[in-house]
Amino acid sequence: MDWISLLKAFVVGGAICVVGQILIDKTKLTPARILVLFVTLGAILGGLGVYQYLVDFAGAGATVPLTGFGNNLAKGAIEGVKNSGLIGAFTGGIKNAAGGIAAAIFFGYIASLIAKPKMKKQ
């Protein structure tokens with residue numbers, strides 16, 4: 001086991017989570033908007049090829065958070081365009097992220113059965 005890789009993943013993943021927590025605590029952004037912001041940021045950075053450097057450095061610390069999901073969508077869309085042309089831009093991201101999407105739907109449903117959500121005070 002490589003302890004340095006684990007440390008890198010922990011620090012990078014933790015830093016992404018800290019940014020999210022700061023946004024929740026210090027802004028009026030709802031968690032849903034922060035989620036969309038992180039996925040969009042990951043997709044933009046992934047599309048530009050910048051996010052791959054973070055993935056290479058931190059491994060799961062960069063691929064597991066929401067930014068990694070956005071990166072995965074962008075990577076799939078780019079591969080889809082190369083393989084299928086313009087239609088691949090729409091289908092490639094979904095094919096690439098199908099497992100994550102299915103897990104999010106399943107566990108989101110389970111959480112909705114257990115939790116009692118509250119509106120954020122503005």
Side-chain angles (χ1 to χ4, degrees):
M1 184 178 306
D2 184 9
W3 291 100
I4 298 298
S5 295
L6 291 174
L7 181 64
K8 289 177 185 178
F10 178 78
V11 169
V12 171
I16 292 170
C17 292
V18 165
V19 170
Q21 190 63 50
I22 290 170
L23 289 172
I24 289 171
D25 292 343
K26 300 294 181 185
T27 69
K28 292 187 179 189
L29 291 173
T30 63
R33 289 187 177 172
I34 295 168
L35 177 145
V36 170
L37 176 72
F38 276 20
V39 172
T40 304
L41 183 62
I44 291 169
L45 293 175
L48 295 173
V50 176
Y51 201 80
Q52 189 59 44
Y53 294 112
L54 192 59
V55 170
D56 293 341
F57 176 76
T63 59
V64 172
L66 290 168
T67 49
F69 181 69
N71 175 53
N72 199 18
L73 288 172
K75 207 161 66 170
I78 291 168
E79 290 170 9
V81 168
K82 289 178 183 174
N83 296 333
S84 305
L86 184 58
I87 194 72
F90 300 103
T91 61
I94 300 300
K95 285 180 184 176
N96 217 29
I101 293 168
I105 292 170
F106 176 76
F107 289 112
Y109 178 72
I110 298 298
S112 74
L113 296 175
I114 297 168
K116 294 182 182 178
K118 298 175 186 171
M119 295 297 290
K120 186 172 180 178
K121 295 178 183 177
Q122 295 198 19

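With values rounded to the nearest 0.5 angstrom, Leu73 atom CG is found 11.0 Å from Ile78 atom CD1. In this structure, Ile24 CD1 and Cys17 SG are separated by 10.0 Å, a value rounded to the nearest 0.5 Å. We find the CD1-CG distance between Ile101 and Asn96 to be 9.5 Å, quoted to the nearest 0.5 Å. From Leu54, atom CG reaches atom OG1 of Thr67 across 7.0 Å, with rounding to the nearest 0.5 Å. Put simply, OH on Tyr53 and CG on Leu45 are 12.5 Å apart, with the number rounded to the nearest 0.5 Å. Taken from CG in Asp56 to OH in Tyr51, the straight-line distance is 11.5 Å, to the nearest 0.5 Å.
Other residues, nucleotides and ligands contribute over 12 non-hydrogen atoms within 6.0 Å of the CG atom of Leu113.
Hydrophobic clustering of Ile, Leu, Val, Met, Phe, Trp and Tyr side chains at less than 4.5 Å, counting indirect connections, unites Val19 with Leu35. Note on Val64 and Ile34: separate hydrophobic clusters, where clusters join Ile, Leu, Val, Met, Phe, Trp and Tyr whose side-chain heavy atoms are under 4.5 Å apart, directly or indirectly. Transitive grouping of hydrophobic side chains (ILVMFWY, heavy atoms separated by less than 4.5 Å) brings Ile94 and Phe69 into a common cluster. No continuous path of hydrophobic side-chain contacts links Val55 to Phe10 [ILVMFWY only; heavy atoms under 4.5 Å]. Both Val36 and Ile105 are assigned to one and the same hydrophobic cluster, defined by single-linkage of ILVMFWY side chains at heavy-atom distances under 4.5 Å.
A donor-acceptor contact under 3.5 angstrom links the side chains of Asp25 and Gln21, judged on distance only.
Side-chain atoms of Ile44 and Thr40, non-hydrogen and from C-beta on, do get closer than 4.5 Å to each other.
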>> Please evaluate residues Leu66 and Leu41 with respect to the criterion side-chain contact (heavy atoms from CB on, under 4.5 Å), reporting the C-alpha separation (whole Å), side-chain torsions for both, the decisive distance (0.1 Å), and the verdict.
In response: CA-CA 9 Å; Leu66 290 168; Leu41 183 62; over 6 Å; no
>> As a quick check of understanding, evaluate side-chain contact (heavy atoms from CB on, under 4.5 Å) for Lys75 and Gln52, giving each step before the final call.
In response: CA-CA 10 Å; Lys75 207 161 66 170; Gln52 189 59 44; 4.2 Å; yes
> Please walk me through it: do Thr30 and Arg33 pass side-chain contact (heavy atoms from CB on, under 4.5 Å)?
Replying inline: CA-CA 5 Å; Thr30 63; Arg33 289 187 177 172; 3.4 Å; yes
> Hey, mind stepping through Phe38 and Ile16 against side-chain contact (heavy atoms from CB on, under 4.5 Å) and telling me if it holds?
Replying inline: CA-CA 9 Å; Phe38 276 20; Ile16 292 170; 3.8 Å; yes
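Between Ala43 and Ala74, the closest heavy-atom pair is O-CB, 3.3 Å. Closest of all the heavy-atom pairs between Gly46 and Asn71 is CA-OD1, 3.1 Å. Between Ala60 and Pro65, the closest heavy-atom pair is O-CD, 3.8 Å.
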